[in-house]
Amino acid sequence: MSFNMVANHAIWPKVNDAIFGLAAKAKEAIDKYGREKVIDSTLGALVDDDGNLICLETVYSELKSLPNADIAAYAQVAGQPDFLEAVQKTCFKEYRPNAHIRAVATPGGTGSIRHSIYNYTNPGDSVLVCDWFWSPYVTISEEFGRTVSTFELFNEKGEFNIISFKEKFEELLKKQKRLVTILNTPANNPTGYSLSDEEWDEVLNIAKENAKNPENRIIFVVDVAYIDYAGIGMERRKFFTKFSNLPDNILIIVAHSMSKGYTMYGMRSGAAMGISSNKDIADEFYYSAMHANRANWSNGTRAAMSIMTNIAKDPEKTKAYEEEVNKTKTMLRNRAKAFVEASKEVGLEILPYRDGFFVSIPCSDAKKASEELIKENLFVIALKKGLRFAVCAVSEEKCRVSPAIIKKVLDNLEK
Ligand SMILES: Cc1ncc(COP(=O)(O)O)c(C=O)c1O
């Protein structure tokens with residue numbers, strides 16, 4: 001082709017999504033060799049031991065009981081008011097920050113991340129994320145002429161690398177005077193790491209110190225896409241209270257998603273929640289996100305909002321829903337435990353895992369390792385710095401045998 005019809009800013013490499021591509025290959029292998037012979041750890045979705053997508057019964061029976069009009073009608077641009085209340089209750093539980101909070105419905109967590117990046121950075125700015133990150137942060141930033149800078153998530157002791165965070169955070173803030181930092185915690189994708197409450201204190205202390213300069217605008221996007229699968233009880237939500245009484249020039253945006261917690265990946269629902277000590281800043285967040293909703297997708301999926309609202313309003317339904325999520329969470333913890341223990345037994349180095357859908361294995365040539373593992377019928381995603389194994393998609397039994405297969409392939413590559 002000798003010329004482009006697409007305008008310059010919208011020309012991108014002609015590539016298909018790598019994760020969905022590998023998932024398709026895994027499916028081919030299953031059809032050819034049988035499910036028992038294949039380990040498909042590609043997609044970030046909960047799959048039962050027989051390879052079927054887990055769809056929460058409490059969620060889908062609620063969907064099927066909705067009147068047609070409640071599915072068909074437009075939702076309000078900012079989201080249905082009762083949903084905007086329900087999502088705050090569901091997300092913060094007893095740890096609601098003492099602050100002004102405004103919520104706007106978005107199509108999944110992706111929509112909240114899009115609004116946070118676009119509405120709170122200037123063209124050419126860098127967004128700060130850790131070096132083990134969800135790649136759409138880059139896709140979204142690039143779409144709007146922003147870039148992504150990284151800090152190292154772990155120090156050599158395998159702890160949260162607060163020194164690297166501080167260095168990058170202050171460097172970018174000094175240059176830009178406004179900075180959006182995305183922290184995907186608890187249950188980080190791809191490592192399964194969750195910041196401890198003490199680590200949160202350290203991060204916020206650095207932010208508060210820098211907030212003393214009134215020219216600085218500090219925005220944290222807390223991507224909680226996997227929060228419903230973190231911790232045993234509610235302990236992984238405690239950090240929300242730390243967002244109380246922050247200086248006015250620190251804004252927190254919680255990016256909430258219904259994709260994982262409600263197994264509603266394709267129904268596209270979630271919310272962006274702006275948290276500030278200053279009412280005007282929280283209102284400003286709301287109106288700017290509402291404008292962005294109208295400009296991008298007009299309004300969200302009404303049925304998805306009604307499902308959360310109806311479950312949250314009815315104590316019986318809430319109890320049944322929570323029991324179902326807890327059952328799934330226990331299954332996930334058992335799988336992850338099997339993978340972590342087996343890694344230890346065979347001497348496979350993995351990154352510190354706390355919660356969630358994924359475990360990561362650092363390695364120097366992840367692409368090659370992933371290709372070699374395909375030959376063993378083990379399908380695992382190659383990232384820049386390692387491999388991502390999706391415990392959410394693999395049975396406990398297969399989680400127990402996978403580390404030995406991966407270790408053998410990595411050892412062979414090093415020879
Ligand atoms: C780290 C992370 N953030 C956010 C999301 C948001 O997903 P969705 O837009 O489906 O809510 C995902 C989904 O894979 C994710 O892995």
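When a ligand or atom number is given, it counts from 1 through the structure's own listing order.
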Checklist entry - Counting only heavy atoms not in K93, do more than 12 fall under 6.0 Å of its NZ? => result yes

Checklist entry - Is a side-chain donor-acceptor pair under 3.5 Å present for H100 with D280? => result no

Item to check | Element-labelled atoms of ligand 1 that are located less than 4.0 Å from some non-hydrogen atom of S257 | outcome: 8 (P), 11 (O)

Checklist entry - Can a donor-acceptor pair be found between the side chains of E62 and Y262 at a distance below 3.5 Å? => result no

Checklist outcome for this item: For atom 9 (O) of ligand 1, the closest protein heavy atom turns out to be T110 OG1, 2.5 Å

Checklist entry - Should the pair F165 and F151 be assigned to parallel (<30°), tilted (30 to 60°) or perpendicular (>60°) ring geometry? => result perpendicular

Next on the checklist: Within the 3.5 Å criterion, strictly below it, is a donor on T301 or S269 matched to an acceptor on the partner's side chain?
Outcome noted: no

Next on the checklist: Under a 3.5 Å cutoff, is there a donor and acceptor pairing between the side chains of N210 and E170?
Outcome noted: yes

Checklist entry - Can you check whether Y193 and F154 have ring centres sitting under 6.0 Å from each other? => result yes

Item to check | Close N or O approach (K260, ligand 1; < 3.5 Å) | outcome: yes

Checklist entry - Which atoms of ligand 1 have any heavy atom of N184 under 4.0 Å away? => result 1 (C)

Checklist entry - Nearest protein heavy-atom contact for atom 5 (C) of ligand 1: which residue, which atom, what distance? => result W134 CH2, 3.4 Å

Checklist entry - Quick check: does Y265 get an N/O under 3.5 Å from an N/O on ligand 1? => result no

Next on the checklist: Assess, by modelled atom type and distance only, whether the side chains of S126 and T147 contain a donor and an acceptor separated by less than 3.5 Å.
Outcome noted: yes

Checklist outcome for this item: Numbered in order shown, the ligand 1 atoms found under 4.0 Å of a heavy atom of S259 are 8 (P), 10 (O), 11 (O)

Checklist outcome for this item: Within 4.0 Å of some non-hydrogen atom of R268, the atoms of ligand 1 are 8 (P), 9 (O), 10 (O)

Next on the checklist: Is there a polar contact between ligand 1 and Y226, counting only N or O atoms under 3.5 Å apart?
Outcome noted: yes

Checklist entry - Can you find an N or O of G111 that's nearer than 3.5 Å to an N or O of ligand 1? => result no

Checklist outcome for this item: Quick note on ligand 1: atoms under 4.0 Å from a heavy atom of D223 include exactly 1 (C), 2 (C), 3 (N), 4 (C)

Item to check | Proximal ligand 1 atoms for A225, defined as those under 4.0 Å from one of its heavy atoms | outcome: 3 (N), 4 (C), 5 (C)

